[in-house]
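Working notes, beginning with the structure itself.
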Amino acid sequence: MKILQNLSIKNKLVVIILVVSVMTMVAGFGLYTFYDIQYLRKDLENDAQLNARLGSEYCIAPLTFRYQEEVAEVLKKLAAVPSVMAACVYDEYGQPYAVFHRREDQAVPPPPVREDTVEFANEHLHVFHPIFYQNLRYGTIYLKVSTASLNETIKKHLRIMALLMAGLIGLSFFLAHGLQRAISKPILHLADVTRELTEKGDYTLRVKREGSDEIGALYDRFNAMVGQIHQRESERDRAAAALRENEARYRTVVENQTEFIIRWRPDGVRTFANEAYRRYFDLTQEQVLSSGFMGLVAEEDRLAVEEKISRLVSGTVASEIDIHRVLKPDGSIGWQEWIDQAIYDETGRIVEFQSIGRDITERKRAEEQIHYQARLLASVSDAIVASDENHILTAWNAAAEAMYGWKAGEVLGQNGLEVIQTEFAGADKEQMLKAIAAAGQFRGEVTQVRKDGTRFPVEVNSMVLRDEQGKITGFVSANRDISERKRLENAMLQAQKLESLGVLAGGIAHDFNNMLVGILGNAGLALMELPSQSPARETIKQIEIAGQRAAELVRQMLAYSGRGRFVIQPLNLNALIEEMAHLLQVTISKSVILKFNFARDLAAVEADATQIRQVIMNLVVNAAEAIGEKNGVIAITTGAMRVDDEYLAETYPMSDLKPGNFVFLEVADTGCGMDAETQARIFDPFFTTKFTGRGLGLAAVLGIVRGHQGAIKISSTPGRGTTFTVFLPGCQAGAAAAQVEQGLGSSSLFGSGKRVLVIDDDDTVRDVTSRVLEKIGFSVLQAAGGSDGLVTFRSRAHEITCVLLDLTMPNPAGEEVFREIRRLSLDTPVILMSGYNEPEISDRFTGKGLTGFLQKPYRPEELEKLLQKALQRS
Amino acid sequence: MKTSHTMASGPGQLKSAKIIFCFAFLVILLASSRPLPGQEKEYTVKAVFLEKFTRFVNWPEASGMADTSKPFVIAIIGENPFDPPLEQLYARQKIRGKKVEIRHLAGLNAISDCHLLFIATSMKTRLPGILDATRNKPILTVGDTEGFAEPGVLINFYFADDKIRFEINESAVQASPLSMSYLLIQVAKIVNPVVEQP
């Protein structure tokens with residue numbers, strides 16, 4: 001069938017007709033031949049059967065009388081029929097009775113007898129015919145008939161038929177060839193016209209109709225169709241012209257746009273780009289059509305753009321707005337904003353996409369500027385607050401949020417004056433505002449109120465904003481929370497106060513101590529010299545007690561100034577307090593109960609035991625006085641805790657202590673408590689609430705604590721009580737037993753004539769000291785100043801066992817003298833004397849061979865003890 | 001010929017059933033098996049031939065051949081040459097479905113009642129009388145004497161090449177009321193053939 005499809009219509013028709021003819025003929029001739037053969041065979045059969053019947057008849061009588069010769073004779077007669085090749089008569093028992101063979105050389109024994117049959121086999125017809133007469137069976141006759149003649153006949157018939165068929169096929173071919181024209185000609189004509197029509201596009205061509213058959217009807221319809229096409233063509237041409245005109249108009253609109261317009265296929269390749277787009281990217285029309293736009297998108301935005309495009313392409317969304325960066329031809333980065341839209345056909349299928357965009361680089365830059373400024377505003381630590389001319393808030397930065405507690409959203413649009421309550425120190429608000437408006441700016445400290453109602457000091461720096469005509473358009477203010485600054489200023493003030501007092505106290509204490517050395521030394525000497533029965537002894541003892549109280553006062557002053565004498569050693573607070581327990585109990589009123597809460601395994605502190613005792617005593621005495629005559633409890637607690645910056649901020653003195661582990665000592669009472677005002681002043685020197693107080697107790701406590709790098713915290717509620725907590729730095733060395741002062745051995749004349757050089761510019765001190773030394777067996781050389789002392793030392797160094805040297809001397813100072821002595825002799829013990837504390841001295845003379853230190857004022861026993869130690873060491 | 005199966009039920013007409021049986025068996029053997037002329041008795045073959053002739057001959061209706069209840073009568077005139085006798089041979093053998101009755105004729109008077117008349121050689125001299133008696137009668141005349149056929153005996157036995165053959169007087173057959181099949185005529189020697197009228 002495929003072969004047929006590609007044949008020309010002429011050949012197709014010829015082939016079809018031929019195929020039909022041949023098929024029909026083959027079928028007809030075949031059928032005929034089949035029946036012919038059948039007929040010929042039947043004919044042969046009938047002949048053979050007839051011969052057999054005839055033969056059988058002639059055999060009846062010979063068989064009846066068993067005349068074998070006659071039977072053979074009958075068979076011989078059958079031989080007259082040339083096709084009979086062999087014959088046989090069987091008797092009634094089926095035994096061959098007589099046999100005939102046409103050719104003796106081909107004689108074969110007759111086949112076994114069979115009933116009435118006619119059968120073709122081995123190119124022969126085998127006929128068996130029973131011999132009956134009057135219903136009696138006499139035997140069977142058999143004929144073997146050659147089919148050679150039959151085959152010959154058949155062959156002859158076939159030859160004729162083949163010839164006939166060949167002739168008929170030839171005839172068919174000629175007929176087909178002639179007849180096909182009736183069909184093919186008009187069709188070919190139609191094809192010719194169609195070809196001409198399509199080649200030339202000339203729709204005025206028509207086919208000429210010749211018959212009125214279906215092809216004729218086809219011609220009519222074809223002509224009608226061509227006519228319609230022609231009409232439509234002309235209409236289309238007109239429409240196309242109109243369209244072109246329209247398109248030109250639209251193109252002008254699109255091309256003259258300042259906005260970018262592109263169309264692109266789902267694969268990103270552009271199908272159109274307007275003039276504005278091409279100019280922006282410096283692209284030719286060809287470049288536009290041959291590539292996608294993705295290459296123009298800036299690297300960092302490509303992923304985001306691809307994602308949006310894929311959403312659009314997949315149909316998830318119908319349009320997208322996309323802002324991204326692009327690479328401009330000059331290599332710079334530009335910003336573009338695009339609206340992408342899918343374009344659908346009538347069936348709702350996406351055909352392509354249209355994007356309309358514009359350059360927003362400038363806008364983006366402005367936005368970035370705004371963002372930058374906003375970030376700046378947000379990062380400023382000052383609260384930036386702006387408002388319009390009616391004080392309606394227009395700006396409120398992050399610092400403002402943090403400072404005032406209102407979020408921007410809460411206050412923007414509100415009246416700023418109502419939101420932030422401001423108090424101008426000693427001025428009316430309305431007047432101030434007017435003044436500010438007039439001045440154009442304001443700078444100063446005010447008090448403002450936060451959202452939570454707390455008041456706090458603020459440094460305000462306001463500007464009035466004016467337009468070009470000078471009209472007020474608003475206000476802007478940079479406000480700073482100065483609470484911390486204020487606190488630091490106060491701390492500084494306090495420190496300065498303490499410092500100046502310290503200098504004063506130090507100065508006074510030096511002179512006082514020298515005086516007290518005289519008083520106490522002389523009193524001591526007097527007691528030594530007076531006989532024990534003397535009534536003056538009691539008087540002198542009172543002088544000594546008063547002197548000691550004066551010395552105590554000086555010591556407190558020095559402690560306050562932080563310059564008291566410190567003997568720093570590891571100290572166990574628990575042991576120290578326990579030791580003091582009895583003394584404390586007797587010191588306070590009987591109606592007050594003393595309670596102790598000691599922490600176990602308390603770390604030791606590096607402290608001066610005497611001064612810590614003083615701290616405890618002062619605090620307990622204060623607590624007892626706060627309770628007064630009423631019943632109350634004083635609880636003394638020790639412990640350790642970790643203290644952080646925040647906690648330290650609430651302690652006194654305002655110093656820069658490092659957070660860390662501190663041992664604390666707490667004295668809590670159930671007394672009258674203090675108000676805030678009192679609390680603020682309790683550490684001021686000479687501030688007292690007590691009628692008899694000197695106002696140095698707590699000042700000294702603070703001085704001592706400060707000197708120990710510690711801190712004090714106060715919490716007090718009027719009417720409920722007060723708690724003082726003293727923090728002292730923990731000692732790494734661990735707990736140590738409080739050093740118990742050893743008792744001084746009984747005075748004896750251990751000096752044994754050894755020579756001691758006493759250098760002091762104060763006559764009283766020098767004199768008293770000399771007398772005490774002589775009293776205990778030393779021989780004394782005196783020098784009334786540094787230079788004097790050095791002269792003496794140089795001339796008599798070998799005699800001098802020990803040097804007592806005052807530190808606070810003018811020209812040369814004690815320090816210089818000491819250095820000179822050390823230069824002259826390395827091993828002569830030198831004991832320094834001073835009204836200042838030992839650490840100070842120790843720091844200055846570390847590694848310089850200082851033997852000992854004697855704090856003024858001293859009692860004769862102290863001097864004796866120190867000398868003993870010094871001489872033992874040497 | 002297919003009579004062998006009826007042998008055992010034979011009536012006890014004869015002297016000895018045993019003998020009859022033996023004769024019947026012999027007859028059957030002679031009649032159906034290969035008749036070897038040298039060995040067979042001449043008159044046994046001739047007796048068997050008698051029955052075979054009847055197959056090809058048609059008697060007119062008046063002879064009552066259709067009525068099987070009446071016997072087929074074979075008459076022997078003259079000196080009986082058949083040994084064993086025909087009675088033995090046809091005791092059970094039927095002719096054309098009828099029982100066979102054997103008559104021995106003493107004179108010409110009884111001739112007309114038979115269907116087949118065997119004319120013995122002894123009747124040579126009296127042959128013309130016998131032929132007169134049977135003329136125009138449905139009687140198949142059989143002779144076994146040379147020269148019998150020409151005067152008018154219908155079938156006459158003769159020997160040729162040691163075989164028992166027979167001759168037929170065709171004209172006599174035509175003249176008689178009997179009709180004879182051409183098949184029989186075909187194997188016989190024709191005496192006085194019928195001359196076709198032009």
Side-chain angles (χ1 to χ4, degrees), chain A residues 49-81 84 87-100 109-110 112-113 115-116 128-143, chain B residues 1-4 28-40 42 44-59 65-66 93-98 142 144 155-168 179-190:
Chain A
Q49 276 180 315
L50 189 64
N51 286 331
R53 209 158 45 238
L54 275 172
S56 72
E57 278 216 347
Y58 285 106
C59 284
I60 292 168
L63 279 171
T64 307
F65 300 101
R66 305 200 76 82
Y67 295 148
Q68 204 162 9
E69 294 80 6
E70 260 102 304
V71 174
E73 207 59 38
V74 171
L75 291 183
K76 268 180 197 143
K77 277 177 195 156
L78 281 174
V81 180
V84 174
C88 176
V89 171
Y90 305 84
D91 64 14
E92 69 235 63
Y93 305 106
Q95 299 300 320
Y97 192 67
V99 180
F100 160 77
V113 70
E115 284 306 303
D116 193 359
F128 288 89
H129 186 75
I131 304 169
F132 274 103
Y133 180 71
Q134 291 183 349
N135 296 328
L136 274 176
R137 174 94 179 243
Y138 291 86
T140 307
I141 187 165
Y142 160 71
L143 291 182
Chain B
M1 302 276 225
K2 306 217 174 190
T3 52
S4 59
I28 290 160
L29 268 177
L30 293 172
S32 59
S33 298
R34 299 163 199 114
L36 302 170
Q39 291 171 358
E40 284 171 29
E42 182 192 342
T44 306
V45 174
K46 285 180 180 168
V48 170
F49 269 35
L50 293 182
E51 184 275 327
K52 288 186 178 177
F53 293 147
T54 65
R55 298 182 195 178
F56 300 98
V57 176
N58 278 323
W59 276 264
M65 288 303 285
Q93 173 70 44
K94 290 182 176 178
I95 292 174
R96 301 184 74 140
K98 295 157 83 90
V142 179
D144 72 337
I155 299 173
N156 188 35
F157 290 109
Y158 70 97
F159 271 92
D161 303 329
D162 289 337
K163 272 189 181 164
I164 298 168
R165 301 198 65 97
F166 54 86
E167 53 191 359
I168 291 172
S179 64
M180 190 175 282
S181 169
Y182 75 97
L183 294 175
L184 187 66
I185 295 163
Q186 175 205 329
V187 289
K189 190 169 91 184
I190 306 298

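Here is the naming used below: chain letters follow the sequence lines, and residue numbers restart at 1 for every chain. Heavy-atom basis, side chains included; hydrogens, waters and symmetry copies ignored.
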- Residues two or more places apart in sequence or in another chain: which of them pass ring pair (Phe, Tyr, Trp, His ring centres under 6.0 Å) with A:Tyr138?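 Counting only residues at least two positions away or on another chain, A:Tyr138 forms no ring pair (Phe, Tyr, Trp, His ring centres under 6.0 Å).
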- Message: Please give me the minimum heavy-atom distance between B:Val187 and A:Ala61, naming the atom from each residue.
- Response: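 Here B:Val187 and A:Ala61 meet closest at CG1-CB, 3.7 Å.
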- Heavy-atom pair of closest approach, residues B:Arg55 and A:Gln134: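 What the structure gives for the nearest pair is O-OE1, 3.1 Å.
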- Message: Once side-chain hydrogen bond (donor to acceptor under 3.5 Å, both in side chains) is applied, do any residues pair with A:Tyr97, and if so which ones, sequence neighbours excluded?
- Response: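 A:Tyr97 satisfies side-chain hydrogen bond (donor to acceptor under 3.5 Å, both in side chains) with no residue once adjacent residues are dropped.
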- Query: Using the ring of each side chain (for Trp, its six-membered ring), is B:Phe49 parallel, tilted or perpendicular to A:Tyr67, with breaks at 30° and 60°?
  - Reply: perpendicular
- Query: Which bit of A:Glu57 comes within less than 4.5 Å of chain B, counting heavy atoms only: side chain, backbone, both or neither?
  - Reply: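 When you check distances to chain B, atoms from both the backbone and side chain of A:Glu57 fall under 4.5 Å.
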- Message: Between A:Tyr58 and chain B, with a heavy-atom cut-off of 4.5 Å, which part of the residue counts as in contact: side chain, backbone, both or neither?
- Response: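 Interface part for A:Tyr58: both.
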- Query: So is B:Arg165 actually on top of A:Phe65's ring, under 6.0 Å and inside 45° of the axis?
  - Reply: no
- Query: In Å, rounded to the nearest 0.5 Å, how long is the span from NZ of B:Lys163 to CD of A:Glu69?
  - Reply: 3.0 Å
- Message: Distance check, rounded to the nearest 0.5 Å: A:Ile60 atom CD1 versus B:Phe56 atom CZ?
- Response: 7.0 Å
